[in-house]
Amino acid sequence: MKIGPMSIAVETLHSVQQLRGVVALQQQSNHEHPSEVWRLSHLLDIHQSGGLILGTPCSSMNQQLQGTLVDLVAEVDGYPARRTVVWAVDLAGRNRGIGSMLRMYERIHLQREGVDLVYWDIDPLSSVDLHLALNKLGGIATAYSCEAPDELDSSLAMSIPADRFRIEWWIDSPRVIDRIDHGHAPPHQSIGLHEMVVLTKTATLSSGVRGLLACTPGDSSEYLLIEVPEDLDV
């Protein structure tokens, strides 16, 4: 299927060879955290249990993937949902809309299945991922986990703690329809910084790293501004 102005091809992946491509792309994206890679056996189980595995093949004939997305069948308080456990784009293919196109295809697929909720966890300091999830897709942050262990690491003693936002994407909500179907920008992008309450105060430390100096407690204002790194991976 080709969707979007860039005609990015998105396919539902089934074969062992295709799933090997999903593993390879994860290994490239998560080379510093190999325990976070979903292996071939995991992916086969996901496929056979009704999960969704998507990929955007390269235009060349080398069978590589530019992007991939993997959803587990899930529930939230008894409500049918999908949980995204892999959402990755090849380094050379980033900033071309591939991540968004994977979500667009996922939305169409789930609408056909009658499922309207997808959720996933995200690093609260990853500005690129947050912008895509909250501003472009219209997702909402519903929970914050402190020092969540790496769920795929077989040894909790070796796991790396990390904070995470829980993102819920209600694919047919007015908020999402307004962003995706009508192409409207989120309302906070049209107001000035002077209308926002800044919760965090940061400065460049002597080490050269920008650090947190102070944090204002919760405020009742409609718009709050929190500073996060522009690019956490640099």
Side-chain angles (χ1 to χ4, degrees), residues 29-33 35-36 67 69 76 81 83-89 91 94-100 102-103 117-153 156 158-171 173-180 183-234:
S29 302
N30 299 330
H31 64 278
E32 294 182 357
H33 305 288
S35 64
E36 297 180 3
L69 183 148
V76 176
R83 181 188 177 193
T84 300
V85 292
V86 177
W87 186 22
V89 176
L91 293 175
R94 293 183 180 177
N95 301 315
R96 294 177 51 201
I98 294 173
S100 296
L102 286 165
R103 288 294 181 188
L117 170 61
V118 186
Y119 69 94
W120 62 93
D121 294 332
I122 197 171
D123 191 324
L125 295 180
S126 178
S127 59
V128 173
D129 292 339
L130 285 170
H131 173 65
L132 179 53
L134 302 178
N135 294 335
K136 298 184 70 173
L137 297 177
I140 57 176
T142 59
Y144 191 100
S145 301
C146 296
E147 297 188 349
D150 177 356
E151 63 191 271
L152 293 182
D153 198 324
L156 290 178
M158 296 297 293
S159 63
I160 301 175
D163 292 0
R164 290 291 183 266
F165 267 137
R166 172 58 51 86
I167 301 295
E168 291 188 3
W169 192 35
W170 294 85
I171 62 175
S173 67
R175 176 188 180 92
V176 172
I177 290 173
D178 191 56
R179 298 286 194 285
I180 296 176
H184 295 157
H188 67 266
Q189 291 189 355
S190 62
I191 68 173
L193 294 179
H194 65 283
E195 299 180 65
M196 299 182 184
V197 173
V198 181
L199 294 187
T200 54
K201 306 292 184 183
T202 67
T204 302
L205 307 179
S206 57
S207 62
V209 177
R210 197 165 186 83
L212 182 67
L213 297 181
C215 181
T216 305
D219 192 278
S220 59
S221 301
E222 184 175 2
Y223 297 103
L224 304 175
L225 184 64
I226 302 175
E227 184 177 356
V228 299
E230 181 178 0
D231 191 340
L232 192 63
D233 295 327
V234 171

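FYI, side chains are in, hydrogens and waters are out, and symmetry mates aren't considered; it's all heavy atoms of this structure.
Partners of Phe165 under the ring pair (Phe, Tyr, Trp, His ring centres under 6.0 Å) rule, at least two apart in sequence or in another chain, are Tyr144. Trp170 is linked by a side chain to side chain donor-acceptor pair (under 3.5 Å) to Glu168, counting only residues two or more places apart in sequence or in another chain. Scanning for salt bridge (charged side-chain N to carboxylate O under 4.0 Å, His left out) contacts around Arg166 gives Asp121, with sequence neighbours left out. With sequence neighbours left out, the side chain to side chain donor-acceptor pair (under 3.5 Å) criterion links Ser173 to no other residue. Under the side chain to side chain donor-acceptor pair (under 3.5 Å) criterion, Thr84 pairs with Asp71, Arg103, sequence neighbours left out. The side-chain contact (heavy atoms from CB on, under 4.5 Å) test applied to Ser206 returns no partner, not counting sequence neighbours.
Rounding to the nearest 0.5 Å places CD1 of Ile122 at 13.5 Å from CG of Asp163. One finds the CG atom of Leu224 at 9.5 Å from the CE atom of Met196 (value rounded to the nearest 0.5 Å). Atom-to-atom distance recorded for Leu225:CG and Leu199:CG is 7.5 Å, nearest 0.5 angstrom. Atoms OG1 and CG, on Thr202 and Leu213 in that order, are 6.5 Å from each other to the nearest 0.5 Å. Between Arg179 atom CZ and Leu134 atom CG the span is 9.0 Å, to the nearest 0.5 Å.
A pairwise comparison of heavy atoms in Ile171 and Val176 identifies O-CG1, 3.4 Å as the closest pair. The nearest pair of heavy atoms linking Ile167 to Ala133 is CG2-CB, 4.2 Å. Closest non-hydrogen pair, Trp169 versus Gly138, comes out as CD1-C, 4.3 Å.
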Might you work through the side-chain contact (heavy atoms from CB on, under 4.5 Å) test for Arg164 and Asp123, ending with a clear yes or no?
-> CA-CA 5 Å; Arg164 290 291 183 266; Asp123 191 324; 3.9 Å; yes

Can Trp87 and Leu132 be said to form a side-chain contact (heavy atoms from CB on, under 4.5 Å), step by step?
-> CA-CA 12 Å; Trp87 186 22; Leu132 179 53; 3.4 Å; yes

Please report the C-alpha distance between Lys136 and His131 in whole Å, then the side-chain angles of each, then the deciding distance to 0.1 Å, and finally whether the side-chain contact (heavy atoms from CB on, under 4.5 Å) criterion is met.
-> CA-CA 7 Å; Lys136 298 184 70 173; His131 173 65; 3.9 Å; yes

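Looking only at side-chain heavy atoms (C-beta outward), Asn95 and Val89 stay at 4.5 Å or farther from each other.
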Pair up each side-chain donor or acceptor in residues 184-191 with any protein partner under 3.5 Å, not counting sequence neighbours, and list the distances.
unit_1 : atom_1 : unit_2 : atom_2 : d
His184 : ND1    : Asp178 : OD1    : 2.5
His188 : NE2    : Asn135 : OD1    : 3.3
Ser190 : OG     : Pro187 : O      : 2.8

